[in-house]
There are 2 protein chains.
Amino acid sequence: MSTSLPVICVPRLDLEAPDVAEAVAIGALVADGTRASILRMLRDGPHCVCELAAALGERENNVSNHLAKLRDAGLVRASRHEANARFLYYERDEAVVGRARAAVEEILR
Amino acid sequence: MSTSLPVICVPRLDLEAPDVAEAVAIGALVADGTRASILRMLRDGPHCVCELAAALGERENNVSNHLAKLRDAGLVRASRHEANARFLYYERDEAVVGRARAAVEEILR
DNA sequence: TGAATATCTCAACCAACGCTGAGATGTTCA
DNA sequence: TGAACATCTCAGCGTTGGTTGAGATATTCA
């Protein structure tokens, strides 16, 4: 009954593409050295833009740009220093960071 | 004694930039949907290029390009199928993948 | 109030990267 | 051996993304 058609790529057709959107988004954020360093430094507590910029040897507006991306992703949030409101202090949102870590671990576990 | 020079950005000067090179490299690899999907699919066992390409709806040479990057990073390795050597089967190097996961966790922990 | 500081926003430039197409290599099978 | 298949490599193209520079906003302090 079965005609002998040239069979192309027989193996495992039940394979389906996983949902990796979240891991990809996190990967793109970590893929930059400045952002990865910021995420790591904020692990130990809040820091202002000028601190981060000084430690990284980067310009402050550049660091600010990267912080905006992390903020848009919800990974960090900013609040003004209580004593000196001129400084914006950034801190991680550990709940969001935790979900980000889980998304990457789903790929690399 | 101390002259009152305009002090710029007083906070935390003891802050130092962390080493994030490995995490950045992994992030760049995961930052692409095709590669992230491949890494996730290979978690369940080896697959050939045509399987991965079919599941992802991507062209085989494109998938091959991405596999080359994962191979260069040491995350995956290839070997020919014992029964039909026409197929190249890719599998993860779990030791390398484990170190990659640790590097990302150092950032997001 | 005005000057200095801290930060943000955005447009422009340039480099990195993914996709495509074409050709080459290696394997199977008639 | 030759045709079909599986995969690789690479140059070219278009898009994405980071850095820079300039200007705007907010805060402090003399």
Side-chain angles (χ1 to χ4, degrees), chain A residues 4-13 20 24-38 46-73 76-91, chain B residues 4-13 20 24-38 46-73 76-91:
Chain A
S4 64
L5 291 170
V7 181
I8 305 175
C9 189
V10 279
R12 300 282 314 268
L13 294 179
V20 296
V24 168
I26 300 303
L29 289 173
V30 174
D32 177 83
T34 302
R35 284 192 300 263
S37 299
I38 290 172
H47 289 291
C48 62
V49 179
C50 61
E51 277 179 339
L52 298 168
L56 294 171
E58 294 286 339
R59 300 174 144 232
E60 295 182 1
N61 67 346
N62 192 16
V63 171
S64 179
N65 281 331
H66 288 298
L67 282 166
K69 299 201 173 184
L70 296 175
R71 213 185 328 130
D72 291 344
V76 305
R77 55 170 166 257
S79 57
R80 299 218 170 253
H81 189 96
E82 55 278 9
N84 190 342
R86 176 155 36 176
F87 295 94
L88 254 185
Y89 272 73
Y90 281 86
E91 64 180 350
Chain B
S4 65
L5 290 172
V7 181
I8 306 175
C9 189
V10 281
R12 301 279 315 265
L13 295 178
V20 295
V24 167
I26 301 303
L29 290 173
V30 174
D32 178 84
T34 302
R35 284 192 300 262
S37 298
I38 290 172
H47 290 290
C48 63
V49 179
C50 60
E51 276 178 338
L52 297 169
L56 294 171
E58 295 285 339
R59 301 174 138 230
E60 296 182 1
N61 67 345
N62 192 17
V63 172
S64 179
N65 280 331
H66 287 298
L67 282 166
K69 299 201 174 187
L70 296 175
R71 214 186 327 128
D72 290 345
V76 305
R77 55 172 166 256
S79 57
R80 300 219 169 253
H81 189 97
E82 56 276 11
N84 190 341
R86 177 157 33 176
F87 296 93
L88 254 186
Y89 272 72
Y90 281 86
E91 63 181 349

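Chain naming here is simple, since letters A, B, ... match the order of the sequence lines and numbering starts at 1 in each. What you see is a predicted model, and the numbers here were worked out from it, not measured in a lab.
The two residues B/V24 and A/G33 have their closest heavy-atom pair at CG2-CA, 3.6 Å.
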When every nucleotide of nucleotides 18-30 of chain C is labelled 5' to 3' by its protein contacts under 4.0 Å (heavy atoms), B for base, S for sugar-phosphate only, - for none, what sequence of letters results? SSBBB----BS--

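Note: CG (A/L52) to P (C/dC8) measures 10 Å, nearest angstrom. In this entry the distance linking CD of B/E60 with C1' of D/dC5 reads 9 Å, nearest Å. Going from atom CG of A/L67 over to atom C1' of C/dT7 covers 10 Å, rounded to whole Å. Look at CZ on A/F87: it is 6 Å from P on C/dT7, rounded to the nearest Å. Atom CG in A/D72 sits roughly 13 Å away from atom P in D/dG17 (whole-Å rounding).
In this model, the phosphate group of D/dC8 is approached by a side-chain N or O of B/Y90 to a distance below 4.0 Å at OP1 or OP2. Taking side-chain N and O atoms only, B/S64 has a distance below 4.0 Å to OP1 or OP2 of D/dC8.
Partners of A/N84 by side chain to side chain contact (heavy atoms under 4.5 Å, CB included), not counting sequence neighbours, listed by chain and number: A/H81, A/R86, A/F87. Taking A/R77 as the reference, A/E91, A/D93 meet the salt bridge (Lys or Arg N to Asp or Glu O under 4.0 Å) condition, with sequence neighbours excluded. Scanning for side chain to side chain contact (heavy atoms under 4.5 Å, CB included) contacts around B/A25 gives an empty result, with sequence neighbours left out. In this structure, the side chain to side chain contact (heavy atoms under 4.5 Å, CB included) partners of A/A28, at least two apart in sequence or on a different chain, are B/A31. Partners of B/R80 according to the side-chain hydrogen bond (donor to acceptor under 3.5 Å, both in side chains) rule, which considers only residues two or more places apart in sequence or in another chain, do not exist here.
Relative to the side chain of A/V49, the nucleotides C/dC8, D/dT7, D/dT9 differ in distance, and C/dC8 lies closest.
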